[in-house]
There are 2 protein chains.
Amino acid sequence: MSKVIATYLVYDQKKNLAKKAESIALGLTVGSWTDLPAIDQQQLRLYKGEVVSIEELPIDQQADTYFDRELIKGLIKIAYPTRNFSADLPAILTTVFGKLSLDGEVKLIDLDFPVELAKQFPGPKLGVNGVRERLQVFDRPLLMSIFKSIIGRDLVFFETQLRAQALGGVDLVKDDEILFDNTLTPFEERIRVARAVLNETEQQTGERTLYAVNLTGHTFELLDKAKKAVELGADALLFNVFTYGLDVLQALSEDPEINIPILAHPAFGGAVTSSTFYGVSHSLWFGRFLRAVGADLVLFPSPYGSVALAKEAALGIAKELTQDSASWKTAFPVPSAGIHPALVPQLLADFQLDSVINAGGGIHGHEQGAAAGGRAFRQAITAAQANIPLSQAAKEHPELATALRQWGGQK
Amino acid sequence: MSKVIATYLVYDQKKNLAKKAESIALGLTVGSWTDLPAIDQQQLRLYKGEVVSIEELPIDQQADTYFDRELIKGLIKIAYPTRNFSADLPAILTTVFGKLSLDGEVKLIDLDFPVELAKQFPGPKLGVNGVRERLQVFDRPLLMSIFKSIIGRDLVFFETQLRAQALGGVDLVKDDEILFDNTLTPFEERIRVARAVLNETEQQTGERTLYAVNLTGHTFELLDKAKKAVELGADALLFNVFTYGLDVLQALSEDPEINIPILAHPAFGGAVTSSTFYGVSHSLWFGRFLRAVGADLVLFPSPYGSVALAKEAALGIAKELTQDSASWKTAFPVPSAGIHPALVPQLLADFQLDSVINAGGGIHGHEQGAAAGGRAFRQAITAAQANIPLSQAAKEHPELATALRQWGGQK
Ligand SMILES: [Mg+2]
Ligand SMILES: [Mg+2]
């Protein structure tokens, strides 16, 4: 019998983890058990949730103080028969963390996908290799940047910024996630202008740059809009998946006509992941789930910015996106915020070759402009991969030298 | 210029609320301001976010202890020009709480909808009056119940439970939210069986009972599936909105062919609302947003169960659903969990006439069965509305007497 196993971090005020676990396992499946007639138990056996394990953790004094009561902290694993739900995330989330999300201090830490279930989710359509193919870049981390202060600006501003970034050697330029369809830079016009600009810059540099247009609007317009984007020559889609729903991203990913990479943006995701006591773990929410439904690249807060994700959490997301899977291609981790060239060796050490270095201010803030900002990053990447200290590489690369002066030396 | 005003509860470790507020107002709109040339300021003025107010709150010793640092606690109000986003919740949430949801201890407490924006959201299609019309019940709270332990059971079991509940005088019977499309009780079969049973019981009792079928499956199948449900005679839809997306519910609500009430279930919603420090307030998430996108009835944890919502939070949701609005019909609050007949006077006092009394165990657990369980509730409602103590009413109503004995007397 196929089952999914959910792992919960629980703070139990009744201090009886075994009882809590049993009540979850029954409450979210067949409802009751011991009081059932044998004939009913026979029928319901295949549907019954099972407690897999209960692990009591050391007392969390900080939590006890905060809640002003003594709590037992523990990890509980429950197995749910996959026959209880349809193979879609709305059904799975409702089962394993629907009512339970409202039931006191419980956080969903992990959820395995047995192979038979995993195969019913698409995973990335292009994945790391597919995106690398589009760019013809196989031997280094990718470089991404974003439009800066684009709200209220027109297509000339858009075009100028895009060109500078592309000329600086940026592999992917993404829309700002807060840029929606608007009269100054309409969706279709952005795609048309970007197509023209990036065809030109490719002639100049010999390198492709992909523009990720923000796919926005009402849910049931998105498939048509994405197909229109592809038709107009869009390179990639940016998608604020958590303000729509994981299953909406899956539909985009599963559509064969939408054959361009999808960048999942973490906007609103922190509402679900930030608490120690509630919601869903970073690695599951930004990692496994987004990979399952087909994100090719996943943005998440870097562990280096001023308000940053804990390093363990950021690495946990990256691991979920890149580890071997029998069912799904790998996706690119894109740790974002606070990234400047001096951090490149650290980024490479932490997130490895198959990752994306994503900068905003670290490119646009370069004293010689965004193109120079891009070049400084590319110089840093080349040096870091050759194990050459950035300070040494900077002697031959003025853009990198400026960046190191502006943002500080190698960390 | 039309603006939405977002209210945030902030715990600021840099202890500079004014700076924090300004960085939110600019960071989520035009990016920067004071360093811009006058001509740019002229162009961007219409797009710039504005700090409306900053209110420092008393020091929260509990929070400081928990985070092990001194934090300034405060309420910040920011106004965002509506021209910055399209009139859909994914765009609005991305703007006002996209990146910000990942930016430290910030909770979205409130978000107003100016009338011009509110008019672009449907609100409930039927609302309180429309649902009452369908039931021809105008002068009392409605009574709702749920199937018990339905997972792994067949259509005979389903039919038997439904009949008992309808004969007991229940107005609405909803599917269990964890019942998905399955071979034992397929979606269309449940609707067909329910239609037949409820036509029969209406003949017997003279009262209509509405069956709310759980609308499940992949997002882009839902509109067709809902229309099919209507065609087959479904009375109402149950929808796990938070595992799909608020905008998906809006699409269901806006479709003129789906002319039956929609019950929004709070499953997974606790992942967003439970924390004091992160996510979205209960009143906004379960209240204003669900009403805006068109829920006719909204289930949320009652303030009476063992693990319950704080009373203030539950009443806050109900207020959002029922208060006057120039743009939207009112929706029914459905406080759920831990409800038994003795609580009816309290429910009526707290949630008023236009609410739904929703019981699971409090109906099915009645010693004389679910029909008697339903009757006990109806007897309690009649008594409570006439200001007759339940203990006195119980003298003439054996079902109520049994219920009071089982679950305790009037609270
Ligand atoms: Mg941004
Ligand atoms: Mg249930």
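Chain letters run A, B, ... following the sequence lines, proteins first and then strands; every chain starts at 1.
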With a 3.5 Å distance limit and no angle check, can you tell me whether E177(A) reaches the backbone of G98(B) through a side-chain donor-acceptor pair?
no
Using heavy-atom distances under 4.5 Å, tell me whether E105(B) contacts chain A through its side chain, its backbone, both, or neither.
neither
Please look at N240(B) and chain A and tell me whether the side chain, the backbone, both or neither of the residue comes under 4.5 angstrom of a heavy atom of that chain.
side chain
Go through the steps to decide whether Y66(A) and T276(B) satisfy the test side chain to side chain donor-acceptor pair (under 3.5 Å), and finish with yes or no.
CA-CA 11 Å; Y66(A) 177 68; T276(B) 310; 3.1 Å; yes
Check: V248(B) and F220(A) side chains under 4.5 Å, non-hydrogen atoms:
yes
Between F286(B) and chain A, which part of the residue has a heavy atom less than 4.5 Å away: side chain, backbone, both or neither?
side chain
If you measure only the distance, is there a donor-acceptor pair under 3.5 Å linking the side chains of H218(B) and D247(A)?
yes
Give, as side chain, backbone, both or neither, the part of W33(B) having an atom under 4.5 angstrom from any heavy atom of chain A.
neither
State which residues pass salt bridge (Lys or Arg N to Asp or Glu O under 4.0 Å) with K107(A); sequence neighbours excluded, sorted by chain then number.
none
side-chain hydrogen bond (donor to acceptor under 3.5 Å, both in side chains) partners of D40(A), counting only residues at least two apart
R153(B)
Quick check: closest heavy atoms across G31(B) and S149(A), and the distance to 0.1 Å?
CA-OG, 3.6 Å
Evaluate the side-chain proximity of N84(B) to I178(A): yes if any heavy-atom separation is below 4.5 Å, no if none is.
no
So, do F277(A) and Y278(B) have ring centers that fall under 6.0 Å from each other?
no
Would you say the side chains of Y244(A) and T94(B) form a donor-acceptor pair under 3.5 Å?
no
Minimal non-hydrogen separation, T65(B) against Q62(A), with atom names:
O-NE2, 4.2 Å
For the student: nearest non-hydrogen atoms of A91(B) and F180(A), plus distance:
O-CZ, 3.3 Å
Which bit of L184(B) is near chain A, if near means a heavy-atom gap under 4.5 Å: side chain, backbone, both or neither?
side chain
